[in-house]
Protein chains: 2
Amino acid sequence: MPPPARTPIGLVLARTARTVSRAFDEALGAAGGSLPVWLILLSLQTRQPGNQRELAHAVGIRGATLTHHLNAMEAGGLVTRRRDPANRRVHHVQLTPAGEALFGQLAGAAMTFDQRLRAGLDDGDIDILERLLDRLHANVTDE
Amino acid sequence: MPPPARTPIGLVLARTARTVSRAFDEALGAAGGSLPVWLILLSLQTRQPGNQRELAHAVGIRGATLTHHLNAMEAGGLVTRRRDPANRRVHHVQLTPAGEALFGQLAGAAMTFDQRLRAGLDDGDIDILERLLDRLHANVTDE
DNA sequence: TATTGTTATACTCTATAACTATA
DNA sequence: TATAGTTATAGAGTATAACAATA
């Protein structure tokens, strides 16, 4: 007898994530941003990445990919890059006032989106979901 | 007093999904496929999409994007397209033996991956996770 | 006219490899 | 030599718009 043949949980996760990601992208887009820009701004504000390598790691992308985004963000007047006088190889990335303003707007959009996402779920549900997602993450990361 | 400021669940989902998706992509790549190819093969085998519009919808992509993938898959000898004699606008997509073989290999890779993903989770956990993910999906899709 | 699908084109995100500049 | 970051290039996946074929 073959196993019960239920939908693989990875597929359910992939479908949900795609739908949710698209909706989130849309919400961020309507607020003037995008997912990578939001993650970069968020990392810059919440952590204090000492260099771009750390920043790239926090966002989950490669250094060259980060440079790509930072170039666009600098051209858009959102960030500035200045060399560290103590170690001139290091570039410190800083938000401009326009960058901070966009951060605020995207944070608002993200919070609104999150409320929509939580509809019908109480704190206990969210805790459980978070725990289960962490477990999936660990199952794929470890080993 | 500001709200408890917990990590937005959408962010947790996005991070988990990215990590899991990359690992899944890798597993499918090692088996000779990719996520969109797997989704297309799976839809062809499990549903019986009457036309490409239905197939594209099942996979969650646009018609032109599906054409893009089908062109590559046809060039790779995985599928054939033939016109429906009753309605010559409609193209029926069919798996070749090579397509069926790849389907089998990817199915194996997907099952193996799913077992890895489920480590430490019992059926009850999976049920709960699935229910919660469905809820997120609905929260973003509806309205 | 409406529907099915394709072609042409382009955008976003990502990556690797080779390079520059500092140390 | 090693490290921080950039540039050049490319590839995967997606999309829209214009088109061809068929109904």
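Below, chains carry the letters A, B, ... as their sequence lines are ordered, and counting in each starts from 1.
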### Query
Picking from D:dT14, C:dT14, C:dT6, which would you name as closest to the side chain of B:T65?
D:dT14
### Query
Taking CG from A:D25 and C1' from C:dC13, how many angstroms apart are they, rounded to a whole number?
10 Å
### Message
At less than 4.0 Å, is any side-chain N or O atom of B:S34 found next to OP1 or OP2 of D:dA12? Yes or no.
### Response
no
### Message
Does a side-chain N or O of B:Q52 approach OP1 or OP2 of C:dT6 to a distance below 4.0 Å, or not?
### Response
yes
### Query
Given C:dC13, C:dT6, D:dT14, which nucleotide is nearest the side-chain atoms of A:P36?
C:dC13
### Message
I'd like to know if A:R89 reaches the base of D:dT3 with its side chain such that a donor and an acceptor end up less than 3.5 angstrom apart.
### Response
yes
### Query
Quick one: is A:T67 getting a side-chain N or O under 4.0 Å of the D:dT6 phosphate, OP1 or OP2?
yes
#### Entry: Length of the NE2-P vector between A:H68 and D:dT7, whole Å
12 Å
### Message
Are there over 12 heavy-atom neighbours, none belonging to A:R62, within less than 6.0 Å of that residue's CZ?
### Response
no
### Message
Using heavy-atom distances to pick each residue's nearest nucleotide on DNA chain D, tell me which of B:R62 and B:N87 is more 5'.
### Response
B:R62
### Query
Could you give the NE2-to-P distance, from A:H57 to C:dA15, as a whole number of Å?
12 Å
#### Entry: Taking every non-hydrogen atom, the tightest pair across B:F24 and B:L35
CE2-CD1, 3.7 Å
### Query
Rounded to the Å, how far apart are B:L28 CG and D:dA12 P?
15 Å
### Summary
Between A:A86 and A:G60, whichever has its closest DNA chain C nucleotide further toward 5' is A:G60
### Summary
By nearest-nucleotide position on DNA chain D, the 5'-leaning member of A:N71 and B:R83 is A:N71
### Message
Nearest whole Å is fine: how far is C:dG5 P from B:I61 CD1?
### Response
13 Å
### Task
Write down the distance between NE2 (B:H69) and P (D:dA12), rounded to a whole number of angstrom.
11 Å
### Message
How many whole angstroms separate atom CZ of A:R22 from atom C1' of D:dA15?
### Response
10 Å
### Query
Side-chain donor or acceptor of B:R53 under 3.5 Å from a matching atom on the base of C:dT4?
no
### Message
Please report the distance, rounded to the nearest Å, between CG in A:L70 and C1' in D:dT6.
### Response
11 Å
### Query
Does CD in B:Q45 sit with more than 12 non-hydrogen atoms of other residues, nucleotides or ligands closer than 6.0 Å?
yes
### Message
Can you tell whether the side chains of B:D127 and B:R131 come within less than 4.0 Å, N to carboxylate O?
### Response
no
#### Entry: Neighbour count above 12 (heavy atom, 6.0 Å) for A:R18 CZ
yes
